[in-house]
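Below is one structure, written out as structure tokens; the observations come after it.
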Amino acid sequence: MAYFKVAFGFLVTAFLSATVSLAHPGLGFGWGGVGAPGGQSGAPSYGLFPQFYQFSCPQAEDIVMSVLEKAIAKEPRMAASLLRLHFHDCFVQGCDASILLDNSATIVSEKNSLPNRNSVRGFEVIDEIKARLEEACPQTVSCADILAMAARGSTVLSGGPSWELPLGRRDSKTASLSTSNNNIPPPNSTLQNLITLFQRQGLDEVDLVALSGGHTIGVARCATFKQRLYNQNGNNLPDQTLERTYYYGLKSVCPKSGGDNNISPLDLGSPVKFDNLYFKLILWGKGLLNSDEVLLTGNVGNTMELVKAYAKDENLFFKQFAKSMIKMGNISPLTGFNGEVRKNCRLVN
């Protein structure tokens, strides 16, 4: 009888742990191994993997795509905004959805940092995705994973590449205004500054150039490129690398005083199509931001060769963009029992 109790207890324990593993695959199995991205050496690592919601919320990606399709059909520029949200999230505390948190008694929101204020957008689309997912699978899909899925979906719906997306991130209970101010590369960056800020996140020159290619969609505010038009080197002269007709066109959009929120496409040829024209435009002196132009003219490392290679071969760019997006999405995720799955992406639980 005692043996039966022990055996029965073992079976129950085994059944329960199997059930937990099905609901949250990866828990307890060290997916990715110790030292995988986000894992602490010597501590159990719960890595990210594409089938994370296979049992707990199999319809997650379909729900994300259905909301994205409507939002991007209504406003094609939204695709770039959602891609940028993921980027501006990952570069601060890792990919933990800290960017989505509003001000509260305990949170100073990253939405008010210099790189984000008056420019990050797409929060309502994320809210809608989250609301739909909460109906289907309550408190299962994290806001951090929603950002990663929205970034991939936005790329695909704009004509760009897809990739197998590792999932299983959890949401932070904190935000960091100061890190948002210091870690997100500014549009007037030198090439060395860009390389340093990317290296801080474990990303190299290849990732820098490929991820900059995300500027093939979207727009930028006059405030981000005004310096190039009127006072590039503190001498009240324009940036000499700007092609002349492009320069005059930009001046008509972005006056010397005022007009800071006027917008211009980052890729003037195909601003809502994900392609490699961005790199060709840089070669033609028609890169909008200083941080675009210096990839060609910065004279550090191999970025010039990479710009030329991606301008010549769109498929090469697409393959590397997908690889670099996976790598960026793996920056210091909260996994296992760290963080939480927020019910509302704007608030901690």
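- Inspection of the Glu243 and Thr245 side chains reveals an N or O donor paired with an N or O acceptor under 3.5 Å.
- Remark: Lys286 engages no residue in a salt bridge (Lys or Arg N to Asp or Glu O under 4.0 Å) (not counting sequence neighbours).
- Atom NZ of Lys323 sits in a sparse spot, with 12 or fewer heavy atoms from other residues, nucleotides or ligands closer than 6.0 Å.
- The CG atom of Leu250 sits 5.5 Å away from atom CG of Leu229, with the distance rounded to the nearest 0.5 Å.
- Between Tyr53 and Thr140 there is a side-chain heavy-atom pair separated by less than 4.5 Å.
- Atom CD of Gln139 is separated from atom CG of Leu133 by 12.5 Å, given to the nearest 0.5 angstrom.
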Subject >> Steps toward side-chain contact (heavy atoms from CB on, under 4.5 Å) verdict (Asn262, Arg221) >> reply: CA-CA 6 Å; Asn262 296 351; Arg221 294 161 61 236; over 6 Å; no
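- Side-chain contact, Ser142 with Arg170: no donor N or O sits under 3.5 Å from an acceptor N or O.
- Within the 3.5 Å criterion, the main-chain N or O of Thr174 finds a donor-acceptor partner in the side chain of Ser172.
- Looking at Asn276 and Thr216, their side chains never bring a donor and an acceptor atom within 3.5 Å of each other.
- Taking CG from Asn235 and OH from Tyr230, the interatomic distance works out to 15.0 Å, rounded to the nearest 0.5 Å.
- A chain of hydrophobic side-chain contacts below 4.5 Å, direct or via other Ile, Leu, Val, Met, Phe, Trp or Tyr residues, connects Leu268 to Leu242.
- Using a 4.5 Å heavy-atom cutoff, the side chains of Val219 and Pro271 are not in contact.
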Original post:
Would Asp207 and Lys327 satisfy salt bridge (charged side-chain N to carboxylate O under 4.0 Å, His left out), going step by step from the backbone distance to the final call?
Top reply: CA-CA 8 Å; Asp207 301 312; Lys327 194 169 165 186; 2.7 Å; yes
**OP:** Could you walk me through whether Thr196 and Gln192 pass the side-chain contact (heavy atoms from CB on, under 4.5 Å) test, one step at a time?
**Re:** CA-CA 6 Å; Thr196 300; Gln192 187 56 63; 3.4 Å; yes
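- For the pair Lys173/Glu340, a side-chain contact is recorded, criterion being any heavy-atom separation below 4.5 Å from C-beta on.
- In this structure, Lys280 does not pair ionically with Glu314, as no charged nitrogen and carboxylate oxygen lie closer than 4.0 Å.
- In terms of modelled atom types and a separation under 3.5 Å, the side chain of Ser212 and the main chain of Leu208 share a donor-acceptor contact.
- Both Val209 and Leu283 are part of a single hydrophobic cluster, where members link through side-chain heavy atoms under 4.5 Å apart.
- A donor-acceptor contact closer than 3.5 angstrom links the side chains of Arg200 and Asn183.
- With hydrogens and angles ignored, the 3.5 Å screen pairs no side-chain donor or acceptor of Ser113 with any backbone N or O of Asn181.
- Of the possible polar contacts, none joining the Arg121 side chain to the Asn118 backbone as a donor-acceptor pair under 3.5 Å is found.
- Here the CG-CG distance, from Asp171 to Asn338, works out to 12.0 Å after rounding to the nearest 0.5 Å.
- Two residues are said to be in side-chain contact when any heavy atoms from C-beta on lie closer than 4.5 Å; Trp284 and Tyr246 fail this criterion.
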Original post:
Taking it one step at a time, do Arg84 and Ser119 satisfy side chain to side chain donor-acceptor pair (under 3.5 Å)?
Top reply: CA-CA 10 Å; Arg84 185 167 179 253; Ser119 71; 3.2 Å; yes
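- Using a 4.5 Å heavy-atom cutoff, the side chains of Leu203 and Phe91 are in contact.
- Neither side chain, Gln59 nor Asp62, offers a donor N or O lying under 3.5 Å from an acceptor on the other.
- Sorted by first and then second residue, the salt bridge (charged side-chain N to carboxylate O under 4.0 Å, His left out) pairs involving residues 128-142 (not counting sequence neighbours) are Lys70-Glu128, Lys130-Glu134.
- In summary, the side chains of Thr241 and Arg228 do present a donor paired with an acceptor at a separation below 3.5 Å, with no hydrogens or angles considered.
- With hydrogens and angles disregarded, no donor-acceptor distance shorter than 3.5 Å links the side chain of Asn182 to the backbone of Thr179.
- Atom CG of Leu167 and atom CG of Asp145 lie 4.5 Å apart (nearest 0.5 Å).
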**OP:** Show your working on side chain to side chain donor-acceptor pair (under 3.5 Å) between Asn116 and Ser180 and close with a plain yes or no.
**Re:** CA-CA 8 Å; Asn116 292 337; Ser180 183; 3.3 Å; yes
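- Residue pairs meeting the salt bridge (charged side-chain N to carboxylate O under 4.0 Å, His left out) criterion with at least one member in residues 252-272, sequence neighbours excluded, are Lys226-Asp260.
- The pair Asp102-Lys111 meets the salt-bridge criterion, since a charged nitrogen lies less than 4.0 angstrom from a carboxylate oxygen.
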**OP:** Show the numbers, then the answer: is there a side-chain contact (heavy atoms from CB on, under 4.5 Å) between Asn290 and Ser189?
**Re:** CA-CA 7 Å; Asn290 193 70; Ser189 290; 5.8 Å; no
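- A donor-acceptor contact under 3.5 angstrom links the side chains of Ser98 and Glu110, judged on distance only.
- Using a distance-only test at 3.5 Å, with no hydrogens or angles considered, a donor-acceptor pair links the side chain of Asn231 to the main chain of Asn236.
- In this structure, Met78 CE and Leu85 CG are separated by 9.0 Å, a value rounded to the nearest 0.5 Å.
- A donor-acceptor contact closer than 3.5 angstrom is absent between the side chains of Asn349 and Arg342.
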Original post:
Could you go step by step and tell me if Leu100 and Ile126 meet the side-chain contact (heavy atoms from CB on, under 4.5 Å) rule?
Top reply: CA-CA 9 Å; Leu100 301 178; Ile126 300 298; 3.8 Å; yes
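- Hydrophobic clustering of Ile, Leu, Val, Met, Phe, Trp and Tyr side chains at less than 4.5 Å, counting indirect connections, unites Leu191 with Val206.
- Looking at Pro76 and Leu157, their side chains never come closer than 4.5 Å, going by heavy atoms from C-beta outward.
- Gln240 has its side chain out of reach of Gln232: every pair of non-hydrogen atoms, C-beta onward, lies at least 4.5 Å apart.
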Subject >> Full working for ring-ring contact (aromatic ring centres under 6.0 Å, His included) between Tyr278 and Tyr310 >> reply: CA-CA 9 Å; Tyr278 163 81; Tyr310 298 150; 10.0 Å; no
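- The shortest distance between side-chain heavy atoms of Leu165 and Pro50 does not fall below 4.5 Å.
- The shortest heavy-atom contact between Ser158 and Ile217 is OG-CD1, 4.0 Å.
- Asp313 contributes no side-chain N or O that, together with a main-chain N or O of Ala309, makes up a donor-acceptor pair within less than 3.5 Å.
- Classified by interplanar angle (parallel below 30°, tilted 30° to 60°, perpendicular above 60°), the ring pair Phe274/Phe317 is parallel.
- A donor-acceptor distance shorter than 3.5 angstrom exists from the side chain of Ser324 to the backbone of Gln320, with no hydrogens or angles considered.
- Tyr247 and Asp239 are not linked by any side-chain donor-acceptor pair at a separation below 3.5 angstrom, with hydrogens and angles left out of the test.
- Between the side chains of Asn112 and Ser109, no donor-acceptor pair is found at a separation under 3.5 Å.
- Separation of the Phe52 and Phe49 ring centroids falls under the 6.0 Å cut-off.
- Under a 3.5 Å cut-off, the side chain of Ser154 and the backbone N or O of Ala151 do not form any donor-acceptor pair.
- For Asp96 (side chain) and Leu334 (main-chain N/O), no donor-acceptor pair under 3.5 Å exists by modelled atom type.
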